[in-house]
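In the text below, chain A, chain B and the rest are named by the order of the sequence lines, each starting its count at 1.
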Amino acid sequence: MKIGVVVFPGSNCDRDMYHVLTDVFHLDTQYFWHDKGLPKNIDAVILPGGFSYGDRLRAGVIAAHSPVINDVRRLAAKGIPILGVCNGFQILVEAGLLPGVLLKNTSLNFMCEWTNLVVENNQTPFTNQFELGQKIPIPIANGEGRYYVDEATLEKLKKHNQIVFRYTDSVNGSSYNIAGVCNEDFNIVGMMPHPERAVESEINPIDNKPSSLIFKSLLHTIGVEN
Amino acid sequence: MSLEPQELEDLTSKIGRKPTSTELQIVAAEWSEHCSYKSSKKHLKMLPMTGPLVISEKGYDSGVLDVGGGYVVTAHIESHNHPSAVEPYGGAATGVGGVIRDILSAGTRPIAILDGLRFGDIEKDQQARWLFKNAVTGIADYGNCLGIPTVGGEVEFDKCYTNYALVDVASVGFGKKENLIKNHAKKGDLVVLLGGSTGRDGIGGSQFASDSLESEDRSAVQIPDPFIEKLIIEAVLEARNHNLINAMKDLGGGGLSCAVSETADALSIGIEMDVDKVHTREPGMHPDEIMVSESQERMLIVTDNAKLKKLQEICKKFRITCSVIGHVTSDNMMHVKKGKKTFARLPTDVVANATLLDRPSKKPAYLATIEREKKLKPISDYSKMMMKFLASPNIASKIWVYGQYDHEVGIRTVIKPGRDAAVLRLDNGKFLSVKIDGNPKHCYINPREGAIGCFEEACRNVVCTGAKPIGMLDHLQFGNPENPEIFWTFLESLKGLTDFAKYFKIPCVGGKVSLYNETPSGPIKPTPLIGVLGLAEKKHQTNTKINTDDVLIVVGNTKNEMGGSEYFEYIHKFIGGRCPVVDFAESKKNMDTVLDVIKKGILKNVHDCSKGGLAVAISEICMVEQIGCTVSLDKVPGEKLDTDRVLFSESHSRYLLVLEKTNLKKLEDILKKNKIAFGVIGKFGGEQIRFDSGSKKIMDLRVDKARKTWINSLRELVVHG
Amino acid sequence: MGTYDVHVTIENKPGISDPEGDTILNDLILKGTHSTITKIKAAKMLKFTIKEKDKKTAQKKIQEICDELRIYNPMVSKITIDVFDA
Amino acid sequence: MGTYDVHVTIENKPGISDPEGDTILNDLILKGTHSTITKIKAAKMLKFTIKEKDKKTAQKKIQEICDELRIYNPMVSKITIDVFDA
Ligand SMILES: Nc1ncnc2c1ncn2[C@@H]1O[C@H](COP(=O)(O)OP(=O)(O)O)[C@@H](O)[C@H]1O
Ligand SMILES: [Mg+2]
């Protein structure tokens, strides 16, 4: 069982994600540099947060053209679970693997704060251990985190159950308070908040259990007893 | 860009000939106040720099502390005042970049940033608001992009900074002791310049920092490139892991001139370099420009032939340029060539060691009368006054600032900004607590006691998290040192800090001096800034939920020390009076005892009492925890004072402790045994923050209203003016 | 072969909110005395220097690049391309 | 009285580096097959709609606003103002 953490120039949550996967959930995890390929026998791929290419032009757009994205696309088509967190989500969106777009927050500022999510789809590889409607206290940290889709697409997302997480409050002006979405097959999930920052009680001032379920869902999906 | 006539004479006699133009540029850069510390160096020696945990190694730009288990913590502090005053965004951002590279130079990974920001009166002054807003964005954009959390800092506004800005940045690094760069070099080793290209930007920057703002060269702006810096960090740490770095130094003020001469001098070697090998941003740069350019995001690395190829591969992976610009010689000379032609050839000890000065000092005349108080208008409605006070820029919550900083990245931040000190978990299972504090209002009234107060306040903040202070950083910011009155205030502050550091056995592990901080209307108030690092063996509960009937205790005496208080200055617009004085013995006793009771685990919340006095500190607990409290001012220990003085005195060495009623007896016993002055002053519950004196209600605020005002007012002020 | 300066202006499509422009207008301009300004729109510009055989080819080429590399996100933005002799 | 569109382009002064333009060029454009592009400079544009008596007044007014409200920092950036009939 192997999890890949893809690292782009400017990724900065890669080490945090790696720590959580290995030290907290004891998964066999490996870094993959953006200009290399991904092995075929990988069980899940995670695109961590950060500022790939310094967020220049638009967050995620330059990284979306990396060679590794072709492999992500290929693995995704085979149904392998893919998770993009924060900048990883922005990259997946820019690569066209997830719908919508992430715009500058309405505050125009970078925002680092704790928010609350509710789970809207508990059938993805990263949410199957949740109850529907379950709350997750979790931090966000982004400047371009305002999820936007037009009305027609929003209806489509609702219809196909592609909305995975919503904020309980209007945090940054996102359409329908969307914090995370998935593709039509449910195996690609993107979310702006940072689960890797919330799974350890030492640094989570509220409750670390809900965020842990994101990783436990993955363990369940790939068949690891933990 | 020039030497004083005396310095030119000095240089000529030391090298026995007339210097070339390149030599003049190099020496002028290195002998600037900023690089050479010529005014301050003699005196800085008084600070205690050693201790059981301090690791000193030649050529480090940051202090190193052994935190056990084979791990070290590094720390450094810098300011970027002049550049930030003209270009707040770029100036503040590159200030972050600079101090980060100091941490990296030791071979440690930067794990935290703290920022101290000071501007003019943002309520009235649009320029101050513009400076503030852009400096915050600059720090946010830089630190966030690097993925280094900004975990703490402070913000202060004072008229003395009108049309100016103080932007201080401290950084903390962490790593394995065995990975520290040993800084050694031998003949034939290669000198490599790594990172961003060298351009004309920032030329003259460090003399710029030593000249007053009016006469500055306004072309000296630097464009931040945090993306390159991030790649440099990763490349350097990977190179470190492969043992490819014999010695390393970051390029800061004075550019290549300083980096090359100081490296050579520290390692007792010579360096021969070729400016044609430096990767430049624009064609046709003159050797003088290349030598003094202060382009950001560059590191100087000494490696050797066997390691070069691997180093180049790593740089290529991280898409950063690295150029071999020279090699190590054994003649202790700094030899700068362009192709075959020599442009400078100077003994490194001459370049790196400016003649130190003994500046005259004289007690400033204003101090003779500053302690006299004038008659103040009595407060008719304390509740109303307090709401205004909570909304004032210095007292209001700084969430608008730290909410823009990623303070969680790196997943170490146990105690996040918004409390006292920040706490980071370390890989050895211990916890590091950090805080920076300054107080120009106190320091103006009494430079010695004010500086000591900043030091004690930073210690107090760290102690409030259950950590014991293990190291201090100082950043001494003053006006023009050629003015004996200013130089006197510098010396007084330094002496005070030294006395405190020695008494408490807290070594100074790093620091910086920034002089010539002059605004168009005169020098800034003395602004020493103190950073304190504390270590805790385990995580302590110092901010758990407060419930109804929990009790509030104040430790430490409240004294008649109103000078420089926010209350005098903001409410009464009065500068004067006696400023708070730290009683060392009392301070130590309180600190030790508070640490001791925190370790016993009987406290729910601990908060220090500082700016705004008891009234503000107690309100802060209530507003953060969203619970009311009824406080009896008669129970506050100390001499008998007027109500406003009890509420707003900023006496040091005071702590607020919150605990369950059932633990009160236990606590009282310990406090009594240790002969601590304390009072059981309040009881939590309800929705009001209420202060009583006897049966008289003095002040009564609704927690939710107070909280809303306190949290939002700074944002409102900045965003909507 | 000629060298051309090509300016690509990227701006939000009509109907997509522009908090940046709105903020400058409301918090900065209208706070002062400048009541003749009725609207502000923020945009981004990229100035390309390109060597192509003629203006038209330069324009076409840049349009291609912008589409292919997603210099703008067609879901929310549109671009305007202006070509000048360098 | 007329209504004018005023475009203000804010860009780094010559000689001052432009990391964003460089990254777009090196990491996006030149990674592909687009070798005819030799330079990219990033800039920001603000499009003002203003009611003034004539073009010249509109231009002057906008310049004033940009200076007074520090829409750009003259230390680092320069602005170009173009006025069009709305
Ligand atoms: N510029 C800043 N950057 C980051 N955090 C800040 C900044 N200013 C204030 N803070 C945080 O806000 C809290 C209150 O700051 P301050 O009022 O200076 O505390 P204290 O009075 O205890 O010294 C602290 O946690 C501090 O670290
Ligand atoms: Mg405090």
Has C:Lys60 got more than 12 heavy atoms of other residues, nucleotides or ligands less than 6.0 Å from its NZ?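 Check fails, neighbour count at 12 or below.
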So which bits of [range] come within less than 4.5 Å of chain D, counting non-hydrogen atoms only?
range	value
residues 63-83 of chain C	C:Ile65, C:Glu68, C:Leu69, C:Ile71
residues 49-58 of chain C	C:Thr49, C:Ile50, C:Lys51, C:Glu52
residues 34-43 of chain C	C:His34, C:Thr36, C:Ile37, C:Thr38, C:Lys39, C:Ile40, C:Lys41, C:Ala42, C:Ala43

Side chain from CB out, backbone as N, CA, C, O: work out which of these in D:Leu25 comes under 4.5 Å of a heavy atom of chain C, or both, or neither. neither
Answer with side chain, backbone, both or neither: which region of D:Ile29 has an atom nearer than 4.5 Å to a non-hydrogen atom of chain C?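 Both backbone and side chain.
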What's the separation between atom NZ in D:Lys44 and atom CE in C:Met45, rounded to the nearest 0.5 Å? 13.5 Å
For residues 7-29 of chain C, pull every pair meeting ring pair (Phe, Tyr, Trp, His ring centres under 6.0 Å), keeping only residues two or more places apart or in separate chains. C:His7-C:Phe84
With a 4.5 angstrom heavy-atom cut-off, could you sort out which part of C:Ile10 is near chain D: side chain, backbone, both or neither?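 C:Ile10 has no heavy atom closer than 4.5 Å to chain D.
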